[in-house]
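Taking it in order: structure first as structure tokens, then the write-up.
Keep in mind the model is a prediction, meaning the values are calculated, not measured.
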Number of protein chains: 2
Amino acid sequence: MCFVEKDGQCPECFRINEVLGRVGDRWSVLIVLSLAQYKVLRFNELKRHLGISQRMLSLKLRELERDGLVNRTYHPTIPPKVEYALTDLGYSFYAPVKALGIWALDNLPNIDEARLEFDTQAEQKKSA
Amino acid sequence: MCFVEKDGQCPECFRINEVLGRVGDRWSVLIVLSLAQYKVLRFNELKRHLGISQRMLSLKLRELERDGLVNRTYHPTIPPKVEYALTDLGYSFYAPVKALGIWALDNLPNIDEARLEFDTQAEQKKSA
DNA sequence: CCGTATCCGATGAGATACTG
DNA sequence: CAGTATCTCATCGGATACGG
């Protein structure tokens, strides 16, 4: 992916960092995963599904809309109804993100195990 | 991925969130990408390559080591030499992360464009 | 129902200076 | 070289309360 010398700033790492700084945070990833699954979700459906606070959901949805990953449709009924769905760009993001989600589900136990071992070893060193 | 009713807390989202909270941050992703590329890197090589501060690199590397993604080898020479490499778990993480990195590189322009459009439209609404 | 505004603590992240 | 220790500032993220 990166063909620069080991030393010296890697321009690609810089750009990847930039993109991940925009759409790479935890909530954005989970929102994209959920929308890909259900096609269309209302605000409170997303909120309950993810267990996210109202504030964060509001912020993240606007970011995602701004970055062109999510489409927002406002129905001026009473009570109001707002629906969110992925754009094409959003779906293209879904592909790699889904792989990441699956890895996460599969490997949580491995990480837990590694942590436990690391911590117990650190404990032993301290007492030694 | 998630087969729960739309409403109601999604346990899988919760767990994915948990994993991403550990290894899903920007620097960890970039460290894994770099190590996958070069196999073995020393502390300062990574530092220069990523353009990361000494402090953050130190913290992130220890996290990654603790979570079992990165292996740390200390050579007690003078001056000291410390080498970092991916573990098997780290390499298994690399696969989905690489896809994410490639997407990021490919779609930075699209995101920029979407942002620009969003911002200009917001600007027009304000002045209307 | 769909948000915004405010307050607050926890974490992220660079800069700088110091040690073995 | 490979870190640790502080200090400082920004951002993340929940809780709560309020408005259309």
* Asked: Which dot-bracket string describes DNA chain D (Watson-Crick N1-N3 plus N6-O4 or O6-N4, or G-U N1-O2 and O6-N3, all under 3.5 Å; [ ] crossing; | other strand)?
  -> ||||||||||||||||||.|
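- With D:dG13, C:dC2, C:dG14 as the choices, the nucleotide that has an atom nearest any side-chain atom of B:Ile52 turns out to be C:dG14.
- For the segment residues 53-72 of chain A, residues with any heavy atom less than 4.0 angstrom from an atom of DNA chain C are, sorted by number, A:Gln54, A:Arg55, A:Ser58, A:Arg62, A:Arg72.
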* Start with the C-alpha gap between B:Cys13 and A:Ser34, add the side-chain angles, then the distance that decides, and say whether side-chain contact (heavy atoms from CB on, under 4.5 Å) holds. => CA-CA 8 Å; B:Cys13 287; A:Ser34 300; 3.9 Å; yes
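- A:Glu45 has its CD atom 13 Å from the P atom of C:dG3, to the nearest Å.
- Counting to the nearest Å, the P atom of C:dG3 and the CZ atom of A:Phe43 are 6 Å from each other.
- For the pair B:Asp25 CG and D:dA10 C1', the computed distance is 16 Å after rounding to whole Å.
- Atom P of nucleotide C:dA13 and atom CD1 of B:Ile31 are separated by 10 Å, given to the nearest angstrom.
- The phosphate of D:dG3 has OP1 or OP2 within less than 4.0 Å of a side-chain N or O from B:Tyr84.
- In this structure, B:Arg26 reaches the C:dA13 phosphate: one of its side-chain N or O atoms is under 4.0 Å from OP1 or OP2.
- Atom CG of B:Leu30 is separated from atom CH2 of B:Trp27 by 6.0 Å, given to the nearest 0.5 angstrom.
- Scanning all heavy atoms of the two residues, the minimum distance from A:Leu100 to B:Phe93 falls at CD1-CE1, 3.8 Å.
- Pairing each heavy atom of A:Gly68 with each of A:Leu89, the nearest pair is O-CB, 3.5 Å.
- Between B:Lys60 and B:Glu63 there is a salt bridge, since at least one side-chain N of the basic residue sits less than 4.0 Å from a carboxylate O of the acidic one.
- Between A:Leu46 atom CG and C:dC1 atom P the separation is 14 Å, expressed in whole Å.
- Closest non-hydrogen pair, B:Leu46 versus B:Ile52, comes out as O-CG2, 4.4 Å.
- For A:Lys47 against A:Leu57, the heavy-atom pair with the smallest separation is N-CD2, 3.6 Å.
- Separating the CG atom in B:Leu20 from the CZ atom in B:Arg15 is a distance of 12.0 Å, to the nearest 0.5 Å.
- Distance B:Lys47 NZ to C:dT16 P: 11 Å, rounded to the nearest Å.
- Smallest separation of non-hydrogen atoms from B:Ala85 and B:Val40: CB-CG2, 4.2 Å.
- Between A:Arg42 and C:dC1 there is no side-chain N or O to OP1 or OP2 distance below 4.0 Å.
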